[in-house]
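Below you'll find the structure, written out as structure tokens, and then a few comments.
Since we're looking at a predicted model, the values are computed, not measured.
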Amino acid sequence: MQRTDPGGLQLRSRGPGSCDRGTASGVQVKHSATVPQGRWSSAAAPPETARKPHPRPSDKLNPKTINPFGEQPRAPSAFAAIYSKGGIPCRLIHGSVKHRLQWECPPETLPFDPLLITLAEGLRETRHPYTFVSKEGFRELLLVKGAPEKAVPLLPRLVPVIKAALGHADDEVFERGLNALVQLSGVVGPALNAHLKLLLTSLSKRLMDKKFKEPITGALQKLEQHGGSGSLMIIKSKIPTYCSICC
């Protein structure tokens, strides 16, 4: 005999004293396991619809969230910061054939201290336009009238800066430093001899590289020419293989 309870479940009676082995009460209950379509529970939600957590400020300091091989933001150098604030009184002018500098006022009216030292520090830059501005600005400033009198007092502060460029790992930075050294020696002459040993240490190391042997030899000849007879002994003491231009 079958009857229906108020909840809509079918109950099967087996008579007095009878019961199903599968249930303690003798009642079989059938539940519907159908999940309504179009609705996802939180456990069964597909990956694409799961909400991504917002990044936390502490994630920036978490080593697991930092890619060591990715390009990291680089803080501006001292020269770049000074240039962006207008501390270098010249600007790069892009020409159809070559670039040039435009000075805000005649270079001969500008004080060498600290401008010449700042431009020398910019020789270590590796990004445009700082590379061109520092190289060309240093050269043009040494060409003004009265440059020797203005540059000689700055040699104790200027030479270590040029030495840093000569010791740089970047080949282009080294070449800019080498050219700047030759330009400076042409302006200050024998006054550079007192600082020559400090600079020759970097040159002797690079002289072992075949691609720099010729430009360094040419630079040494210029240093001897501008420094007079006193420079030869200093050069030979650091680079014994150097052959004098007087030979």
Side-chain angles (χ1 to χ4, degrees), residues 71-148 150-155 157-188 192 195 198-199 202-203 205-207 209 211-223 226:
E71 184 177 356
Q72 303 297 330
R74 181 169 52 174
S77 63
F79 181 84
I82 294 174
Y83 181 80
S84 63
K85 293 178 181 179
I88 310 296
C90 60
R91 283 294 178 267
L92 172 64
I93 303 299
H94 294 272
S96 56
V97 179
K98 63 178 182 178
H99 305 324
R100 66 181 181 87
L101 289 182
Q102 179 178 343
W103 294 87
E104 297 176 0
C105 54
E108 57 269 17
T109 64
L110 297 172
F112 274 34
D113 187 7
L115 181 56
L116 187 63
I117 299 174
T118 303
L119 291 169
E121 291 173 343
L123 296 172
R124 286 175 286 171
E125 291 288 337
T126 57
R127 292 179 295 173
H128 185 79
Y130 313 125
T131 53
F132 182 85
V133 172
S134 59
K135 176 187 68 175
E136 189 63 18
F138 186 87
R139 185 188 71 84
E140 292 187 12
L141 201 59
L142 287 177
L143 293 177
V144 303
K145 185 178 180 181
K150 296 179 180 180
V152 169
L154 299 179
L155 286 178
R157 296 159 56 196
L158 196 56
V159 167
V161 177
I162 295 180
K163 176 180 171 59
L166 294 173
H168 201 281
D170 190 285
D171 290 347
E172 293 184 359
V173 173
F174 170 77
E175 291 174 352
R176 287 195 292 270
L178 187 63
N179 292 331
L181 173 59
V182 173
Q183 294 160 9
L184 181 63
S185 69
V187 173
V188 301
L192 187 62
H195 310 274
L198 185 65
L199 298 165
S202 301
L203 296 185
K205 294 178 181 179
R206 290 277 188 165
L207 198 57
D209 194 335
K211 63 183 175 183
F212 291 122
K213 185 174 182 179
E214 184 175 344
I216 291 177
T217 301
L220 292 174
Q221 292 174 347
K222 291 292 185 181
L223 292 175
H226 299 151

Between [atom1] on residue [X] and [atom2] on residue [Y], distance to nearest 0.5 Å:
X	Y	atom1	atom2	value
E175	K211	CD	NZ	8.0 Å
K135	L101	NZ	CG	10.0 Å
I162	I117	CD1	CD1	10.0 Å
L166	L181	CG	CG	6.0 Å
E136	K98	CD	NZ	8.0 Å
L155	H195	CG	NE2	4.5 Å

For the student: nearest non-hydrogen atoms of [X] and [Y], plus distance:
X	Y	result
F138	L158	CE1-CD1, 4.4 Å
G122	S134	O-OG, 2.9 Å
L203	L220	CD1-CD2, 4.0 Å
L123	A180	CD1-CB, 3.6 Å
L110	C105	CD2-SG, 3.2 Å
L141	F112	O-CZ, 3.1 Å

Is it true that a side-chain atom of K150 and a backbone atom of E108 form a donor plus acceptor pair closer than 3.5 Å?
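Yes, K150 side chain to E108 backbone: donor-acceptor pair under 3.5 Å.
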For the backbone of V173 and the side chain of D170, can you confirm whether one donor and one acceptor N or O come within less than 3.5 Å of each other?
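Between the backbone of V173 and the side chain of D170 there is a qualifying donor-acceptor contact (under 3.5 Å).
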I'd like to know whether CD of E104 has more than 12 heavy-atom contacts from other residues, nucleotides or ligands below 6.0 angstrom.
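Atom CD in E104 is packed in, count exceeds 12.
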Using a 4.5 Å cut-off on heavy atoms from C-beta on, say whether the side chain of [Y] contacts that of [X].
X	Y	result
Q221	V182	no
R157	D113	yes
H226	L192	no
L223	L199	no
F212	L178	no

In this structure, which one of R124, E125, R127, E121 forms a side chain to side chain donor-acceptor pair (under 3.5 Å) with S77?
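Single side chain to side chain donor-acceptor pair (under 3.5 Å) partner of S77 among R124, E125, R127, E121: E125.
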Give the table of side-chain donor-acceptor pairs shorter than 3.5 Å for residues 87-95, with sequence neighbours excluded, one pair per line with atom names and distance.
unit_1	atom_1	unit_2	atom_2	d
R91	NH1	I88	O	3.2
R91	NH2	Y83	O	3.2

